2 protein chains.
Amino acid sequence: MSETVVRKNPRRADAQHNYDVILAAARAAVAERGGDIVLEDIARNAGVGIGTLYRHFPTRQELLEAAFLDEALELRQRAEDLKAAPAPLDALIDWLHLQMDFGAHGRSMGAAVMNAKHTEGTEIQIACVDMREAGAVLLGRAQDAGEVRPDVEIIDLLRLMHGIVIANEQAPDQSRVNPMFDLVIAGIQA
Amino acid sequence: MSETVVRKNPRRADAQHNYDVILAAARAAVAERGGDIVLEDIARNAGVGIGTLYRHFPTRQELLEAAFLDEALELRQRAEDLKAAPAPLDALIDWLHLQMDFGAHGRSMGAAVMNAKHTEGTEIQIACVDMREAGAVLLGRAQDAGEVRPDVEIIDLLRLMHGIVIANEQAPDQSRVNPMFDLVIAGIQA
DNA sequence: ATACTATACGGAGGTTGCCTCCGGTTGCAA
DNA sequence: TTGCAACCGGAGGCAACCTCCGTATAGTAT
């Protein structure tokens, strides 16, 4: 959750410290308010000036991406764990459920994490690709087992999970989430 | 597109005129910029003060809803038209495609139009309910024909359409939209 | 035609959040 | 210890939101 991120060209100790503190504050804020965080609040909670925040995270997007890095890593790990599960389709389903849970404050995460189209080599970009590839393995297993149609692609599934979350985000009742999910699952089965 | 909206307690002629002009400006803006319209631009283009805009549309949401009223009406009409189509499932599919096209600038519309949970009796609320019910008829026909599973609900389909649109909104390539759509369609079939 | 008033107009200005810029500060290597 | 590259931080400019209230006028009553 809060391991110090190591950088290629090492920064000064104070800079690294501020980076960590800001990131921690951002994570806390995202956890409770979702993606519509107020950057100046983050800075204040972190005990740094707004300028410092912007130096470390030039865009709101970058801050969000950094805040979600852990989630991407964990989702990848969960996929790894599920590779050994006996029922490939169930494993895939479980993992897709996790996708929705993790992206619960979805709008924010979605844009940041779902697409790995960002500047090559970013930590978050790599993490996203890894996560997606791990998911692709789960999908592949289910396909090899003949449980899922071979033409289904992991990116579509991930985006659908994301779509389900945000389409229900401002709805008062979350009761449609599961039916929608089941409908998608029905759609991928062989 | 621009029929004068009649109101219960008639307003002054100048007020009605301004209402119409503002709405026209809002529709134009929405058509080209999507939901992230700038209210002061709308007012300027309409040739009224910002105060006047806010009197007629106290919240951004209300303005958007009013701007999308036509689309909801047209979607309802399209559903009516498709009721006579020979192939029920194809008719449903066509209509769902229309949903995506109309909601193309989706984020804005989505919240406003997809849910009919707003204050009872609003024009837009009624229009949404009507639209959805018209869609439900299409769905029902496909179900009666044995082409779609009987447990599918129209609300889930609409939200999935919405979800597909917004999940792809910030993606550079729209190429996943159709696969995702097809996947959903596969999921509803009997 | 005139006067009256409920209704409507409009924009100045307060608020919030975004982001930049640059004078001052400081870690750290020599 | 010193010098400077790296870093800090917040003042301030900007954009958009929204409110408030003095002014204007449509519609009506006389």
Side-chain angles (χ1 to χ4, degrees), chain A residues 4-30 32-67 105 107-108 111-112 119 170, chain B residues 4-30 32-67 105 107-108 111-112 119 170:
Chain A
T4 290
V5 177
V6 188
R7 302 273 296 192
K8 318 151 196 184
N9 36 349
R11 357 179 181 190
R12 261 168 49 173
D14 53 349
Q16 179 67 51
H17 174 255
N18 278 339
Y19 180 94
D20 293 342
V21 171
I22 292 168
L23 189 47
R27 279 173 177 154
V30 163
E32 75 178 42
R33 269 182 294 280
D36 55 348
I37 54 178
V38 177
L39 299 192
E40 320 223 86
D41 287 351
I42 307 284
R44 193 172 329 110
N45 288 340
V48 304
I50 185 65
T52 300
L53 184 148
Y54 272 97
R55 189 164 335 93
H56 287 297
F57 305 98
T59 70
R60 162 192 226 79
Q61 184 74 351
E62 281 178 64
L63 179 55
L64 286 174
E65 286 177 359
H105 290 293
R107 181 131 315 170
S108 47
T119 37
Q170 57 265 76
Chain B
T4 291
V5 177
V6 188
R7 302 273 297 192
K8 316 151 196 184
N9 36 348
R11 352 175 186 196
R12 261 166 49 172
D14 54 348
Q16 178 67 51
H17 173 255
N18 278 338
Y19 180 95
D20 293 341
V21 171
I22 293 169
L23 189 47
R27 280 174 177 153
V30 164
E32 77 177 44
R33 269 181 293 280
D36 55 349
I37 53 178
V38 177
L39 299 192
E40 320 221 86
D41 288 350
I42 308 283
R44 192 173 331 107
N45 289 340
V48 304
I50 186 66
T52 300
L53 184 149
Y54 271 98
R55 190 166 331 97
H56 287 296
F57 305 98
T59 71
R60 163 192 224 79
Q61 184 74 351
E62 281 179 63
L63 180 56
L64 285 175
E65 285 178 359
H105 290 294
R107 180 130 316 169
S108 47
T119 38
Q170 57 266 77

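In what follows, every chain begins at residue 1, and chains take the letters A, B, ... in the order their sequences are listed. When reading the values below, keep in mind they use all heavy atoms of this one structure, side chains included, and skip hydrogens, waters and symmetry mates. Just so it is clear, the model here is predicted, and its values are computed rather than measured.
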S.K.: Could you tell me the separation between the CG atom of A:Asp14 and the C1' atom of D:dA6, rounded to a whole number of Å?
M.R.: 8 Å
S.K.: Rounded to the nearest 0.5 Å, what separation is found between the CZ atom of B:Arg27 and the CD1 atom of B:Ile22?
M.R.: 12.5 Å
S.K.: Just verifying a value: how many Å separate A:Arg11 CZ and A:His17 NE2, rounded to the nearest 0.5 Å?
M.R.: 12.5 Å
S.K.: Would you please test B:Thr52 and B:Arg55 for side-chain contact (heavy atoms from CB on, under 4.5 Å) and show each step?
M.R.: CA-CA 5 Å; B:Thr52 300; B:Arg55 190 166 331 97; 4.1 Å; yes
S.K.: Identify the two heavy atoms, one from A:Ala43 and one from A:Leu53, that lie closest to each other, and give their separation to 0.1 Å.
M.R.: N-CD1, 3.8 Å
S.K.: Taking all non-hydrogen atoms of both residues into account, name the closest pair between A:Asn18 and A:Val48 and its distance.
M.R.: OD1-CG1, 3.3 Å
S.K.: What's the shortest heavy-atom distance between B:Ala25 and B:Asn45, and which atoms?
M.R.: CB-CB, 4.3 Å
S.K.: Whole angstroms only, please: what is the CD-P distance between B:Gln16 and D:dG27?
M.R.: 11 Å
S.K.: Please give me the minimum heavy-atom distance between B:Arg60 and B:Ile37, naming the atom from each residue.
M.R.: NH2-O, 2.6 Å
S.K.: Would you mind reading off the distance between A:Asn18 atom CG and D:dG9 atom C1', rounded to a whole angstrom?
M.R.: 10 Å
S.K.: Would you please name every residue forming a ring pair (Phe, Tyr, Trp, His ring centres under 6.0 Å) with B:Tyr54, sequence neighbours left out?
M.R.: none
S.K.: On DNA chain C, nearest-nucleotide positions of A:Ala13 versus B:His56: which is more 5'?
M.R.: B:His56
S.K.: Need two values: the first and the last nucleotide of DNA chain C, 5' to 3', having an atom under 4.0 Å from any heavy-atom of chain A.
M.R.: C:dG17 to C:dC28
S.K.: Protein within reach of the bases, or only the backbone? For nucleotides 14-21 of chain D, mark each nucleotide 5' to 3' as B, S or -, using heavy atoms under 4.0 Å.
M.R.: --SBBB--
